[in-house]
Amino acid sequence: MDDYLEILYKVLLEGSDDYIYINDCSTGLFRYSPTLVKMFALPGEIVKDPLKYWKNIVHPNDWEKFFKANQNIVNNRTEKHLIEFRAKKRDGEYVWLRCRGKLIRNKDKKPLFFAGTINLLGKENKIDPLTQLLNRSEFNIALERNIKNNLVKNMAVIMIDIDEFRQINEIYGRDKGDQILKSLSTVTQSILRQNATLFRLEKDKMGILMKNCKKSDVEQLYLEIQKELLKGNIQNHIRLDIEISAGCSMYPLDGVSAEDLYQYTEYALQSAKEQGKNRLVFFTEEILNEKKGKLDLLCQLRDDMKEGYNGFFLNYQPQIQHKTGKLIGVEVLMRWRNKDGNLVSPMEFIPILEKHGLMYQVGIWLLRTALRETKEWVLKNPDFSISINVSVLQLLDDKFLNDLYMIIEEEDFPPENLIIEMTESYVFKNINLLQKIFNDIRKRKIRVALDDFGTGYSSLYMLKNSPVDIVKIDRAFVKDITNSEFDLHFIRLVVDICHTVSIEVCLEGIEKDEEYEILKNIPLDILQGYYFEKPMSKDKITELYFEK
Ligand code: C2E
Ligand code: CA
Ligand code: CA
């Protein structure tokens with residue numbers, strides 16, 4: 001090393017708490033601070049081929065990243081270097097280090113030195129250990145830093161999330177899930193340009209900050225990631241269709257504070273999920289307004305729950321025995337009136353309850369209320385059944401079965417008159433888990449119905465060992481029945497198959513004369529739809545069917 005460099009090096013060493021390193025590009029020799037040599041098992045200050053020593057120092061999980069970054073230095077493939085990793089001290093304890101460096105070139109642009117600092121990060125973990133990406137708090141710091149930086153004229157705040165990641169974890173196991181996350185991060189990182197940084201925010205959610213870019217750049221990036229995933233680069237063993245949703249908000253167009261931008265990007269991502277997943281959605285005013293509307297609904301729902309379920313009530317839709325044309329039971333349907341007195345569809349308010357963990361509580365209220373309100377009917381008619389919808393979140397709650405049995409007992413309701421309806425799409429995806437629960441329920445003489453059959457991943461073969469008593473074919477199959485041979489055949493086939501394994505079949509959503517005419521010769525067991533009756537109040541059912 002030249003003399004003046006030697007002096008400079010000494011000055012730097014004395015004036016800094018950081019460790020300093022210099023790599024002479026012409027010789028490949030590395031020089032490390034004496035304090036660094038003391039702390040870690042390096043052979044001396046000047047080291048030739050240091051990677052073989054670092055191999056024993058760097059944490060195995062961080063080695064690949066470390067190795068690649070160093071190869072890039074040695075091969076002069078990089079101008080800048082920033083890497084965080086765990087390193088084992090001489091006493092065996094691991095510490096987090098951050099290593100920064102920069103390539104210094106001579107007048108002819110030839111690489112001279114690669115030099116930089118290594119500093120102790122303490123125990124605080126800024127890096128996600130699985131993906132080696134910077135974590136959520138680093139994302140927030142970078143977001144704020146970029147906003148304050150005058151050189152950042154605009155920025156895309158992006159979140160990416162793997163669709164159905166929970167299912168993937170459940171079906172293929174956590175290791176596979178981890179592997180997919182790692183691959184997604186590698187794939188994405190290989191596509192990102194200089195102006196963008198990738199972070200892991202939580203579980204399967206990644207964040208990207210892309211500086212000085214256009215919306216079309218974000219679209220392009222999303223398409224490229226999708227393309228790479230599609231290429232199957234990501235899976236080595238199992239062929240899985242990994243799809244991703246993404247949300248994006250733009251600084252300063254959509255917001256100027258880190259908090260707003262984070263929130264707006266999350267809203268955009270949620271909107272992508274709600275619109276059917278596997279897409280990129282940019283934040284808009286409409287998304288914000290819709291979100292505000294939902295938050296307002298949530299507040300009202302919460303208030304009403306606190307006030308003795310004010311605004312909540314039940315409707316009952318008659319179910320007809322096909323063979324006799326007689327009323328055989330009712331389906332309980334939840335209703336809720338908002339503070340302006342308008343009815344809100346359960347399709348709108350139930351997902352809000354579910355999302356905020358309120359559905360269990362409401363479900364318990366509903367169960368008790370339904371049993372109280374319908375008990376007189378089943379006592380008058382022992383063949384009469386009450387069907388209650390149960391959401392999968394309720395069913396998967398450990399308390400559910402106990403609560404169900406306790407309420408039946410407390411209300412002194414005959415269990416053989418109760419049917420629990422559960423949406424098919426959840427059932428078949430989680431069949432092993434639910435099988436046990438269903439068997440338990442059925443042991444208590446309560447029946448189980450598979451709701452919305454035909455809309456999920458249904459396989460007729462799965463009916464063979466299904467622990468259910470009734471299959472309810474979704475009303476989508478009735479809608480088109482007057483001009484779709486397929487739907488008619490499907491219904492016939494389901495009835496045939498179910499009857500061979502003693503499962504009853506209910507068809508929902510019959511509205512018109514023509515539909516009934518076509519269907520009446522199929523040996524369905526139960527019919528339900530506006531053609532017979534719409535959902536109605538308890539008093540109306542009593543008046544129409546029980547006061548004759
Ligand atoms: P679902 O369980 O499939 O309930 C049947 C839905 O179809 C009801 O809508 C009913 O009013 C409607 N329907 C019945 N016959 C006809 C017809 O002929 N034509 C048409 N177009 N529709 C018909 P509703 O009450 O709006 O409920 C929608 C969904 O909300 C239900 O679908 C169910 O998934 C959920 N839901 C309702 N009440 C509850 C509840 O108490 N608990 C849970 N977990 N979910 C509920
Ligand atoms: Ca239902
Ligand atoms: Ca249904």
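Nothing fancy with the numbering, it's 1 onward along the sequence. All ligand and atom numbering here is 1-based and tracks the order in the structure.
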List every atom of ligand 1 that sits less than 4.0 Å from any heavy atom of [X], numbering the atoms from 1 in the order shown and giving each element.
| X | answer |
| --- | --- |
| Ile510 | 18 (O) |
| Met347 | 28 (C), 29 (C), 30 (O) |
| Leu366 | 41 (O) |
| Gly529 | 15 (N), 18 (O) |
| Ser391 | 44 (N) |
| Asp452 | 3 (O) |
| Gln317 | 10 (C), 14 (C), 15 (N) |
| Gly509 | 16 (C), 17 (C), 18 (O) |

Looking at [X] and [Y], does any basic side-chain N land under 4.0 Å from a carboxylate oxygen?
| X | Y | result |
| --- | --- | --- |
| Glu170 | Arg166 | yes |
| Lys231 | Glu228 | yes |
| Glu348 | Lys294 | no |
| Glu411 | Arg372 | yes |

Atom 34 (O) of ligand 1 touched by protein (heavy atom, under 4.0 Å):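 So atom 34 (O) of ligand 1 lacks protein heavy-atom neighbours under 4.0 Å.
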With the threshold set strictly below 4.0 angstrom, can you tell me whether any protein non-hydrogen atom sits that near atom 45 (N) of ligand 1?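 Yes.
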Relative to the ring of [Y], is the ring of [X] parallel (under 30°), tilted (30 to 60°) or perpendicular (over 60°)?
| X | Y | answer |
| --- | --- | --- |
| Tyr309 | Trp365 | parallel |
| Tyr316 | Trp377 | perpendicular |
| Tyr262 | Phe139 | perpendicular |

Below 6.0 angstrom between ring centroids: does that apply to Phe283 and Tyr267?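 Between Tyr267 and Phe283, which both carry aromatic rings, the centre distance is not below 6.0 Å.
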Give a yes or no on whether the backbone of [Y] and the side-chain of [X] come within a donor-acceptor separation of less than 3.5 Å.
| X | Y | result |
| --- | --- | --- |
| Asp525 | Val505 | yes |
| Asn417 | Pro382 | yes |
| Arg200 | Lys203 | yes |
| Asp452 | Thr455 | no |
| Asp163 | Asn278 | yes |
| Arg447 | Glu416 | yes |

Lys534: heavy atom below 4.0 Å from ligand 1, yes or no?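 Distance cut 4.0 Å: Lys534 fails for ligand 1.
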Can you find a non-hydrogen atom of Lys472 under 4.0 Å from ligand 1?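 Judged by the 4.0 Å heavy-atom criterion, Lys472 does not count as contacting ligand 1.
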Which residue owns the protein heavy atom closest to [atom], what's the atom, and how far is it?
| atom | answer |
| --- | --- |
| atom 31 (C) of ligand 1 | Leu333 CD2, 4.4 Å |
| atom 27 (O) of ligand 1 | Pro346 CG, 3.4 Å |
| atom 18 (O) of ligand 1 | Tyr530 N, 2.8 Å |
| atom 11 (O) of ligand 1 | Pro535 CG, 3.4 Å |

Side chain, backbone, both or neither: which part of Ile350 comes within less than 4.0 Å of ligand 1 when only heavy atoms are counted?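 Side chain only.
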For the Ca ion (ligand 2), what is the closest N, O or S atom on Glu331?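 Looking at Glu331, the N, O or S atom with the least distance to the Ca ion (ligand 2) is OE2.
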N/O to N/O below 3.5 Å, does that happen between [X] and ligand 1?
| X | result |
| --- | --- |
| Met334 | yes |
| Ser345 | no |
| Gln528 | no |

Single hit among Asp403, Leu393, Leu395 for side-chain contact (heavy atoms from CB on, under 4.5 Å) with Tyr360: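 With Tyr360 as partner, side-chain contact (heavy atoms from CB on, under 4.5 Å) holds for just one option, Asp403.
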Checking side-chain contact (heavy atoms from CB on, under 4.5 Å) between Phe384 and each of Ile328, Thr374, Leu327, Leu379, which is the one that passes?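 Of the listed options, the one satisfying the test is Leu327.
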Report the member of Arg475, Glu511, Glu508, Glu348 with the shortest heavy-atom distance to atom 12 (C) of ligand 1.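 The nearest heavy atom belongs to Arg475.
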Nearest-option assignment for atom 42 (N) of ligand 1, heavy atoms, candidates Asn315, Asn389, Leu314, Thr423: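 Looking at heavy atoms only, the winner is Asn389.
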I'd like to know whether Gln317 forms a side chain to side chain donor-acceptor pair (under 3.5 Å) with Glu331, so could you lay out the CA-CA distance, the side-chain angles of the two residues, the decisive distance to 0.1 Å, and finally the verdict. CA-CA 5 Å; Gln317 185 174 31; Glu331 176 174 1; over 6 Å; no
So, taking the atom named CZ in Phe477 and the one named CD1 in Ile510, what distance separates them when rounded to the nearest 0.5 Å?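 It is 14.0 Å, given to the nearest 0.5 Å.
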Residue Ser387, metal the Ca ion (ligand 2), N/O/S under 3.0 Å: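 Of the N, O and S atoms in Ser387, none lies under 3.0 Å from the Ca ion (ligand 2), which means no.
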Could you give me a count of protein N/O/S atoms that are under 3.0 Å from the Ca ion (ligand 3)?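 Count of protein N, O, S atoms less than 3.0 Å from the Ca ion (ligand 3): 3.
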